[in-house]
Amino acid sequence: MQTKTEKRYYTREEYLALEETAESKSEYHDGEIIAIAGGTTNHNKIALNVCRKFPLTVKGQNYEIFMSDVRLWIPRYRRYVYPDVMVIQGEPVYEGSGTTEVTNPLLIVEVLSNSTRNYDRGDKFDYYRSIPEFREYILIDQYKFQVEQLVKTAEGKWSLTYYESSDAVLGLDSIDFQMPLSDIYERIEFENVEE
């Protein structure tokens, strides 16, 4: 005879306390704690390539860039998530008294993997769109030259642009910044990517 185990729900405070001592990261989804799978080396290289290029381009401008160790709190959906890259215009607005959870990204970059691509394009994008400051979403495929750029227009609609060749140049809308796909995919070996 099988017994049904009851799903455990956690408060935000319980989740944050667990994350402080955890050996791996987890997201918080309105009471549920969801373990995050580790990324591939190509996933990490792509995120680093974006971050490495970005500060040189916006030096002296009022932007901050953060990688996946900084949590994003999405109050409307009661979610804590770890975007691959976030850009904040001006000062970060923190959730709580610490400097670990921010609430006001202008731009978010996610590197797609086979296990996360549907979530990143679907529900996660829905959650991100609830953030008032959020204006641009960049999805980078780690298996081929493909970048998806979603931009919030002045009318509040989202427009989509695809970039699919190594000589294409990603031009951000929310920030004066351009990056060739060849720079984004520098040192990436597509044939060795597995998940």
Side-chain angles (χ1 to χ4, degrees), residues 16 19 24-28 36-75 79-113 116-117 119-121 124-125 127-142 145-152 158-161 163 166 168-188:
L16 293 171
E19 279 293 278
S24 59
K25 292 188 276 189
S26 297
E27 292 186 348
Y28 179 82
I36 299 174
T40 64
T41 55
N42 278 353
H43 183 282
N44 193 266
K45 285 180 192 178
I46 290 168
L48 283 170
N49 287 343
V50 171
C51 289
R52 192 175 55 213
K53 173 79 173 173
F54 188 85
L56 299 175
T57 305
V58 298
K59 188 174 182 178
Q61 297 182 41
N62 197 16
Y63 297 100
E64 295 282 346
I65 188 165
F66 299 100
M67 286 195 62
S68 61
D69 286 338
V70 175
R71 274 188 299 270
L72 172 62
W73 169 242
I74 307 170
R79 299 275 194 278
Y80 282 110
V81 297
Y82 289 93
D84 291 324
V85 178
M86 287 187 287
V87 177
I88 292 176
Q89 184 173 18
E91 294 295 318
V93 175
Y94 296 106
E95 169 64 20
S97 59
T99 58
T100 309
E101 298 92 32
V102 298
T103 63
N104 62 322
L106 171 72
L107 178 140
I108 295 174
V109 177
E110 294 285 8
V111 180
L112 300 177
S113 65
T116 65
R117 76 176 57 248
Y119 174 54
D120 289 342
R121 285 182 176 137
K124 202 172 203 184
F125 182 44
Y127 306 147
Y128 288 163
R129 288 194 324 254
S130 72
I131 300 166
E133 297 85 354
F134 182 58
R135 296 286 176 268
E136 193 160 6
Y137 193 34
I138 307 298
L139 298 163
I140 303 172
D141 196 307
Q142 68 173 297
F145 283 106
Q146 182 174 303
V147 174
E148 300 167 41
Q149 176 186 33
L150 293 121
V151 175
K152 188 174 185 179
W158 288 87
S159 67
L160 171 64
T161 304
Y163 302 86
S166 63
V169 177
L170 170 64
L172 297 182
D173 187 78
S174 58
I175 300 168
D176 184 15
F177 172 75
Q178 291 188 341
M179 188 172 189
L181 265 63
S182 59
D183 287 355
I184 293 172
Y185 287 101
E186 184 179 346
R187 301 176 344 272
I188 301 301

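Owing to the predicted nature of the structure, the values given are computational and were not obtained by experimental measurement. No hydrogens, no waters, no symmetry mates; every other heavy atom, side chains included, goes into these values.
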Reported [atom1]-to-[atom2] distance for the pair [X] and [Y], which is rounded to 0.5 angstrom:
| X | Y | atom1 | atom2 | answer |
| --- | --- | --- | --- | --- |
| S166 | I184 | OG | CD1 | 11.5 Å |
| R121 | L139 | CZ | CG | 6.5 Å |
| I131 | T103 | CD1 | OG1 | 8.0 Å |
| F66 | T99 | CZ | OG1 | 9.0 Å |
| N104 | M86 | CG | CE | 9.0 Å |

Next item on the list: Would you kindly say whether R71 and Y80 are connected by a side-chain donor-acceptor distance under 3.5 Å?
Entry: no
Next item on the list: Could you walk me through whether R187 and N42 pass the side-chain hydrogen bond (donor to acceptor under 3.5 Å, both in side chains) test, one step at a time?
Entry: CA-CA 8 Å; R187 301 176 344 272; N42 278 353; over 6 Å; no
Checklist line | Lys/Arg-Asp/Glu bridge criterion (N-O < 4.0 Å) met for D173, K152 | finding: no
Note to self: Check R117 with E110, please: is the shortest side-chain N to carboxylate O separation under 4.0 Å?
What the structure shows: no
Item checked: Step-by-step side chain to side chain contact (heavy atoms under 4.5 Å, CB included) determination, I74 to S130 -> CA-CA 8 Å; I74 307 170; S130 72; 3.4 Å; yes
Which atom of [X] lies closest to which atom of [Y], heavy atoms considered:
| X | Y | result |
| --- | --- | --- |
| D141 | I46 | O-CD1, 4.3 Å |
| I175 | Y63 | CG1-CE2, 3.7 Å |
| K124 | E27 | NZ-OE2, 3.7 Å |
| L72 | P105 | CD1-CD, 3.5 Å |
| V111 | A47 | CG2-N, 4.2 Å |
| S68 | Y82 | O-CD2, 3.0 Å |

Should [X] and [Y] count as side-chain neighbours, where that means a heavy-atom distance under 4.5 Å?
| X | Y | answer |
| --- | --- | --- |
| I140 | V109 | yes |
| V147 | L181 | yes |
| V85 | I65 | yes |
| L48 | M67 | yes |
| V87 | E64 | no |
| F177 | K53 | yes |
| L112 | H43 | no |
| L170 | Q178 | no |

Next item on the list: Could you label the plane-to-plane angle of the W73 and Y28 rings as parallel, tilted or perpendicular, counting under 30° as parallel and over 60° as perpendicular?
Entry: tilted
Checklist line | Which residues share a salt bridge (charged side-chain N to carboxylate O under 4.0 Å, His left out) with E186, sequence neighbours left out | finding: R52
Next item on the list: Verify side chain to side chain contact (heavy atoms under 4.5 Å, CB included) between V81 and Y119, making sure each step is shown before the conclusion.
Entry: CA-CA 12 Å; V81 297; Y119 174 54; 4.0 Å; yes
Notebook entry, point to check: Among all residues two or more places apart in sequence or in another chain, which pass the ring-ring contact (aromatic ring centres under 6.0 Å, His included) test with Y185?
Noted result: F145, F190
Check: Between S174 and E136, is there a donor-acceptor pair closer than 3.5 Å when you use the side chain of the first and the backbone of the second?
Finding: no
Margin query: Using modelled atom types and a 3.5 Å cut-off, is there a donor and acceptor pairing between side-chain atoms of E19 and backbone atoms of S26?
Written below: yes
Next item on the list: Take K45 and I188 through the side chain to side chain contact (heavy atoms under 4.5 Å, CB included) test and state the conclusion after the steps.
Entry: CA-CA 7 Å; K45 285 180 192 178; I188 301 301; 3.7 Å; yes
Next item on the list: Begin from the C-alpha positions of Q142 and T40 and carry the test side-chain hydrogen bond (donor to acceptor under 3.5 Å, both in side chains) through to its verdict.
Entry: CA-CA 9 Å; Q142 68 173 297; T40 64; 2.6 Å; yes
Next item on the list: Taking the six-membered ring for Trp and the single ring otherwise, decide whether the centroids of F125 and W158 are under 6.0 Å apart.
Entry: yes
Next item on the list: Assess whether side chain to side chain contact (heavy atoms under 4.5 Å, CB included) is satisfied between Q149 and T161, documenting all intermediate values.
Entry: CA-CA 5 Å; Q149 176 186 33; T161 304; 4.0 Å; yes
